[in-house]
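Numbers here are sequence positions counted from 1. Given the structure is predicted, the values throughout are model-derived calculations rather than measurements.
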Amino acid sequence: MKVLLSVNKKFYEVNMKTLFDLIDFKDINKAVGGMELNISSLSKYERDLAKDIAKKLKKRNLKLQIHGNMLSENVLEIYEYLKLYNELAKIMEDKIKIVYHPYKDESKENIIYKTTVILKRLNKNIEDFKYNIELSIENLEDVENVKNLKIDELSGIIDKVKNVKITYDIGHMVLENKNPYTISEKIYSKITNVHIHDISASNIAHYPFSCGKVDLKATMVFLKKIKYTGDIVAEIALDYLQGTTYEEKLDAYLKEVENIKTNKDKYFV
């Protein structure tokens with residue numbers, strides 16, 4: 001089980017190339033096992049940058065995962081993203097895991113229906129073209145009037161869609177004021193990816209582990225209990241890390257990852 005960095009523009013205003021160039025210059029292999037990358041557009045620049053990052057990760061024997069954009073009815077565009085993800089899988093010479101957020105709608109019934117239909121279409125596209133990628137769907141907390149899918153609802157969806165699994169975000173579960181370590185045993189084997197981050201005193205997600213709402217020791221004990229075999233993504237936003245420059249924030253991020261790895265080595269044994 002490796003700890004991955006999250007490189008996602010959603011969390012901060014940062015040039016992905018600038019950030020990766022900083023990462024590339026640092027000796028991150030001791031603590032970091034790879035990264036989960038969000039590709040926000042299909043422009044030639046973004047495609048080429050993603051391929052360049054994949055080549056550098058492969059050279060350093062680091063893993064690559066993808067955080068896809070939210071599921072939408074623009075399935076033809078998502079097909080183009082899947083094609084790109086498969087090109088990255090060829091570079092990595094390994095299957096790449098792709099995590100999506102569920103379809104967004106005011107109706108919970110519509111969210112479940114649309115998410116299921118879209119995943120089935122994506123799955124068929126993957127099978128038809130024999131792409132070396134695996135899809136998963138992530139649990140989210142409700143935000144104001146926007147309803148989202150919880151872990152048990154995701155389980156019901158993937159029972160209907162073969163070859164799709166769950167990305168379990170422990171921080172999102174904490175935001176629901178639920179114990180993230182007491183989920184149904186039938187869900188254990190469906191988890192292929194785990195996101196961890198702390199929650200601030202004002203209930204803002206993706207904070208570094210200084211607030212104490214997400215217990216790293218309990219997280220590792222839980223992952224050992226369920227016999228988890230995937231990786232962990234330290235999904236911490238640079239906005240909330242100490243420092244005024246990208247490099248200072250990256251150094252703070254790497255310290256967070258080292259802390260996670262220390263807990264993993266101590267309690268996931």
Side-chain angles (χ1 to χ4, degrees), residues 1-2 4 6 8 33-39 42 50 54 57-58 63-105 109-140 148-170 172-173 183-195 223 226-233 235:
M1 182 171 68
K2 298 180 182 294
L4 311 186
S6 170
N8 191 329
M35 59 181 61
E36 186 174 271
L37 180 68
N38 173 253
I39 303 167
L42 289 167
L57 291 174
K58 173 65 176 175
K63 289 190 171 185
L64 174 63
Q65 292 185 174
I66 299 293
H67 198 312
N69 301 313
M70 185 174 295
L71 290 179
S72 75
E73 293 183 279
N74 189 357
V75 177
L76 293 180
E77 180 181 70
I78 301 178
Y79 287 167
E80 288 300 308
Y81 275 103
L82 294 182
K83 183 178 180 180
L84 172 60
Y85 301 156
N86 189 61
E87 291 173 10
L88 299 179
K90 289 180 179 178
I91 292 171
M92 298 299 295
E93 298 180 334
D94 195 11
K95 179 175 284 188
I96 288 184
K97 295 180 178 181
I98 319 294
V99 51
Y100 284 105
H101 285 180
Y103 183 83
K104 187 175 181 179
D105 195 276
E109 185 177 288
N110 263 355
I111 295 173
I112 293 172
Y113 174 73
K114 292 286 188 180
T115 298
T116 304
V117 170
I118 293 168
L119 286 174
K120 284 182 177 180
R121 292 184 66 182
L122 300 187
N123 196 45
K124 185 176 187 306
N125 183 260
I126 290 169
E127 289 183 340
D128 287 348
F129 290 96
K130 296 181 172 59
Y131 289 160
N132 195 23
I133 56 183
E134 175 189 272
L135 301 184
S136 67
I137 193 80
E138 181 179 355
N139 62 296
L140 299 171
N148 279 307
L149 297 187
K150 309 303 186 293
I151 191 77
D152 55 335
E153 293 165 326
L154 295 183
S155 180
I157 287 174
I158 66 171
D159 283 342
K160 302 173 185 175
V161 188
K162 62 180 179 179
N163 301 324
V164 176
K165 297 191 175 182
I166 291 174
T167 286
Y168 186 34
D169 191 303
I170 289 175
H172 291 167
M173 194 77 160
I183 61 174
S184 169
E185 289 186 18
K186 69 179 183 180
I187 296 173
Y188 292 176
S189 63
K190 300 175 182 179
I191 298 173
T192 190
N193 187 26
V194 169
H195 287 176
L223 294 178
I226 70 172
K227 299 179 181 179
Y228 178 64
T229 58
D231 297 310
I232 302 170
V233 179
E235 203 177 33

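Taking CG of Asn86 as the start and CZ of Phe129 as the end, the distance is 10.5 Å to the nearest 0.5 Å. Here the NE2 atom belonging to His172 is positioned 5.0 Å from the CD atom belonging to Glu138, to the nearest 0.5 angstrom. Between atom CD of residue Glu87 and atom CD1 of residue Ile133 there is a gap of 11.0 Å, rounded to the nearest 0.5 Å. Expressed to the nearest 0.5 Å, how far CG of Asn74 lies from OH of Tyr79 amounts to 11.0 Å. Atom CD1 of Ile98 sits about 9.0 Å away from atom CD of Glu134, to the nearest 0.5 Å. Rounding to the nearest 0.5 angstrom, the gap separating the CD1 atom in Ile158 from the CD1 atom in Ile187 is 8.5 Å.
Side-chain atoms of Leu71 and Ile137, non-hydrogen and from C-beta on, do get closer than 4.5 Å to each other. For the pair Ile78 and Arg121, the minimum side-chain heavy-atom distance is 4.5 Å or more. Val194 has its side chain out of reach of Met1: every pair of non-hydrogen atoms, C-beta onward, lies at least 4.5 Å apart. A 4.5 Å side-chain heavy-atom check between Asp152 and Ser184 finds every atom pair outside the cut-off. Put simply, the side chain of Ile91 does not reach to within 4.5 Å of the side chain of Leu64, judged on heavy atoms. With a 4.5 Å cut-off on side-chain heavy atoms, Gln65 and Val99 do not count as touching. Asn132 is not listed as a side-chain neighbour of Lys90, based on a closest heavy-atom distance of 4.5 Å or more. Proximity of Ile183 to Met173: side-chain heavy atoms (C-beta onward) are separated by under 4.5 Å at one or more points.
Taking the six-membered ring where the residue is Trp, Tyr81 and Tyr85 present tilted rings, their angle falling between 30° and 60°.
In terms of heavy-atom proximity, Glu36 sits nearest to Leu4 at N-CB, 4.3 Å. Across all non-hydrogen atoms, the minimal contact from Asn148 to Glu153 is O-OE1, 3.9 Å. Closest non-hydrogen pair, Lys58 versus Met92, comes out as NZ-O, 3.4 Å. Scanning both residues, Tyr100 and Leu135, for their nearest heavy atoms gives CE1-CD2, 3.8 Å. Of all heavy-atom pairs between Ile118 and Glu73, the closest is CD1-N, 4.2 Å. Taking each heavy atom of Thr192 and Ser136 in turn, the nearest pair found is CG2-CB, 3.7 Å.
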Chi angles and distances behind the salt bridge (Lys or Arg N to Asp or Glu O under 4.0 Å) call for Asp105, Lys114: CA-CA 9 Å; Asp105 195 276; Lys114 292 286 188 180; over 6 Å; no
Candidate pair Glu127 and Asn163, rule side chain to side chain contact (heavy atoms under 4.5 Å, CB included), full reasoning: CA-CA 10 Å; Glu127 289 183 340; Asn163 301 324; 3.5 Å; yes
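Judged purely by distance below 3.5 Å, without hydrogens or angles, the side chains of Asn69 and Asn38 pair a donor atom with an acceptor atom. Judged purely by distance below 3.5 Å, without hydrogens or angles, the side chains of Lys190 and Ser155 pair a donor atom with an acceptor atom.
The backbone N or O of Pro102 sits nowhere less than 3.5 Å from a side-chain atom of Lys104 that would complete a donor-acceptor pair. With hydrogens and angles ignored, the 3.5 Å screen pairs a side-chain donor or acceptor of Asn139 with a backbone N or O of Asp169. Listed for the Tyr228 side chain is a donor-acceptor partner under 3.5 Å among the backbone atoms of Asp231.
Of the candidates Val117, Thr115, Thr116, Thr115 is the only one forming a side-chain contact (heavy atoms from CB on, under 4.5 Å) with Leu119.
Counting non-hydrogen atoms of neighbouring residues, nucleotides and ligands closer than 6.0 angstrom, the OH atom of Tyr113 reaches no more than 12 such neighbours.
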